[in-house]
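Here is the structure we will look at.
None of the values given here were measured: they were computed from a predicted structure.
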Amino acid sequence: MDPPPPPASIPVPDELLEEIFIRLPTPDALARASAACTSFRRVIKGRAFRRRFRTLHRPPLLGFMDEAGFQPSQAPHPSAPLAGALAPCAADFSFVPAVVSSSSYFMPPGVQDDGEGPRWRPCDVRDGRVLLDWVSLHPRAMRICCYMEDGYEVSILMDFGELAPHDRPTWTKRERCNAAEFHLAVCDPLSSRYVLLPTIPEDLAVKPQDYLREFEPVLAPNTSDDGEEEHFKVICIAKYNTKLVLFVFQSTTMQWSMPYDRSDHLMVLDTRTLRFSTVDLLTGYHVELRDLPDQSFDRRRPNAVVLGREGTLEMFSLVHQHGSFALYHTSLQNNSQEWKLEKVIQLPRQYHDYSISTVGAAEGFLFLRGTLEGIPVENVNVDCYSMEVKTYGITKVCTKTEKYFNRTCTLPYFSFPPLLSEPTI
């Protein structure tokens, strides 16, 4: 007598598969599950599941961007496999069209042409989008003065942190720069989508009627609750001799506005309302921190400011004492006007002098860079670290080689793989 046939397998409902997949720890694990069979992939590709997964999981840190390109996270960092697979897309901005022909761009006297000519370079990264500025006549930061006019030093905008000392030109008199002269674009490198921003209208750019000293474009954080909002906002912080001005671009209207100008120097900007609030830096523990011996709290060493739980403003101050570095974590509660010390975090002791710096914060992490080569000039190896703000855990992300050492040129890039994300443009 033949044995009875095996019972037919009972299909697993999609709802149960979702509950299984949502518990997978990383996007890599989810990608492997998606490749197992078509039914798994159908569930994982579902819009509701992807939204739910992104709500519960932080996007992985794929690496760092700068003008030289993209440096992916390296093993043993947990994002290394995914970062290596996506690196060719993340490093490629060739799909964004040029705004100035290579024959028309201006090469200042004394500056060596690198052979690449004008190009887009990343100046901010947020929510999977990359903000690009056009490197040609006027890169984004002013570093040198060229002549006197009416008792003022008039400057030309040039990011001199990326030039070696022997390449720095000696300027002669030129027309001073205007906010309307900057070209910007926003792109999603993983989906090859982009938006070319119109230049700031001349009637807005001339309103401050003052000398433009610095121009810094940034992406505002995504404020949608479900993570599906594709609209974006670009905020350009223009620093003049006597005031601070915001130029704001909304992708919903494709227009620039100038909603605010202010002459105070220490302010916090709410990117939802575009309103400033003033903060007194030197209160509470910050007074003691300023008075510590052999440190540089008040000497323009970069500090990183993050928004803590329940609106608490938190600051990480990099302090140099007795040959080593530490981060002093302080907080300012909503109902208090005095900074409180939360914790002192010692940093790796192999870095000395000015060879380590903070380079911003994003997605619950603080980022640092350091080099073992003292005060470097050219062709240096830079170690990039992340520190989780909640746990203070420090992780080495990668080591990158830079032609010229610049303490603030590294941009952390977080993104889900295309399997889990929608185009952000």
Inset, instruction - Indicate yes or no: at least one non-hydrogen side-chain atom of F53 is less than 4.5 angstrom from one of I44. - result: no
Legend entry - Shortest non-hydrogen separation from N178 to A180 and the atoms involved: OD1-N, 2.8 Å
Legend entry - Option among L30, L82, L62 that satisfies the side chain to side chain contact (heavy atoms under 4.5 Å, CB included) test with P417: L82
Inset, instruction - Kindly compute the distance separating OH (Y413) from OG (S73), expressed to the nearest 0.5 Å. - result: 12.0 Å
Legend entry - Closest approach of P189 to A90 (non-hydrogen atoms, all atoms of both residues): CB-CA, 4.1 Å
Inset, instruction - Identify which one of V99, D133, T199 satisfies the side chain to side chain contact (heavy atoms under 4.5 Å, CB included) criterion when paired with L184. - result: D133
Inset, instruction - Report the C-alpha distance between M315 and L313 in whole Å, list the side-chain angles of each, state the deciding distance to 0.1 Å, and finish with yes or no for side chain to side chain contact (heavy atoms under 4.5 Å, CB included). - result: CA-CA 7 Å; M315 178 178 287; L313 195 63; over 6 Å; no
Inset, instruction - Flag the pair P97 / Y194 as yes when at least one side-chain heavy-atom distance between them is below 4.5 Å, and no otherwise. - result: yes
Legend entry - Steps toward side chain to side chain contact (heavy atoms under 4.5 Å, CB included) verdict (F232, L131): CA-CA 11 Å; F232 62 85; L131 176 62; over 6 Å; no
Legend entry - Smallest separation among heavy atoms of P217 and D124, with atom names: O-CB, 4.3 Å
Legend entry - Lys/Arg-Asp/Glu bridge criterion (N-O < 4.0 Å) met for E422, R47: yes
Legend entry - Atom pair CZ/OG of R129 and S415 - distance to nearest 0.5 Å: 11.0 Å
Inset, instruction - Enumerate the residue pairs fulfilling side-chain hydrogen bond (donor to acceptor under 3.5 Å, both in side chains) with a member in residues 82-94, sequence neighbours excluded, ordered by first and then second residue. - result: D92-S94
Inset, instruction - Search all heavy atoms of P59 against all heavy atoms of F414 and return the closest pair with its distance. - result: O-CD2, 3.2 Å
Legend entry - T424 and D188: CA distance, side-chain angles, deciding distance, side-chain hydrogen bond (donor to acceptor under 3.5 Å, both in side chains) verdict: CA-CA 6 Å; T424 62; D188 179 346; 3.1 Å; yes
Legend entry - Audit row: L368, F325, side chain to side chain contact (heavy atoms under 4.5 Å, CB included) steps and yes/no: CA-CA 12 Å; L368 308 102; F325 289 94; over 6 Å; no
Legend entry - Axial cation check for F64 ring with K400, 6.0 Å and 45° limits: no
Legend entry - Polar contact flag, side-chain donor to acceptor under 3.5 angstrom, D66-T410: no
Inset, instruction - Mind telling me whether F21 and F49 have parallel, tilted or perpendicular rings, with 30° and 60° as the class edges? - result: perpendicular
Inset, instruction - Provide the closest heavy-atom pair for K239 versus L244 in the form atom of the first, atom of the second, distance. - result: CG-CD1, 3.4 Å
Inset, instruction - Taking atom types as modelled, find out whether H329 and E314 have a side-chain donor-acceptor pair closer than 3.5 angstrom. - result: yes
Inset, instruction - Enter the distance from T283:OG1 to L332:CG here, rounded to the nearest 0.5 Å. - result: 6.0 Å
Inset, instruction - Name the orientation class of the two ring planes belonging to H286 and W339 (parallel below 30°, tilted from 30 to 60°, perpendicular beyond 60°). - result: parallel
Legend entry - Working for side chain to side chain contact (heavy atoms under 4.5 Å, CB included), residues Y240 and Y211: CA-CA 5 Å; Y240 294 83; Y211 292 108; 5.8 Å; no
Legend entry - NZ/K343: more than 12 non-hydrogen atoms of other groups inside 6.0 Å: no
Legend entry - Euclidean distance, T395 OG1 relative to L61 CG, rounded to 0.5 Å: 9.5 Å
Inset, instruction - Would you please classify the geometry between the F316 ring and the Y392 ring as parallel, tilted or perpendicular, with 30° and 60° separating the classes? - result: perpendicular
Legend entry - Atom pair CG/CZ of L219 and R126 - distance to nearest 0.5 Å: 7.0 Å
Inset, instruction - Search all heavy atoms of C187 against all heavy atoms of L132 and return the closest pair with its distance. - result: SG-CD1, 4.0 Å
Inset, instruction - For the residue pair E388 and T391, confirm or rule out a side-chain donor-acceptor distance under 3.5 Å. - result: yes
Inset, instruction - Could you tell me the separation between the OG atom of S257 and the CG atom of L204, rounded to the nearest 0.5 Å? - result: 7.5 Å
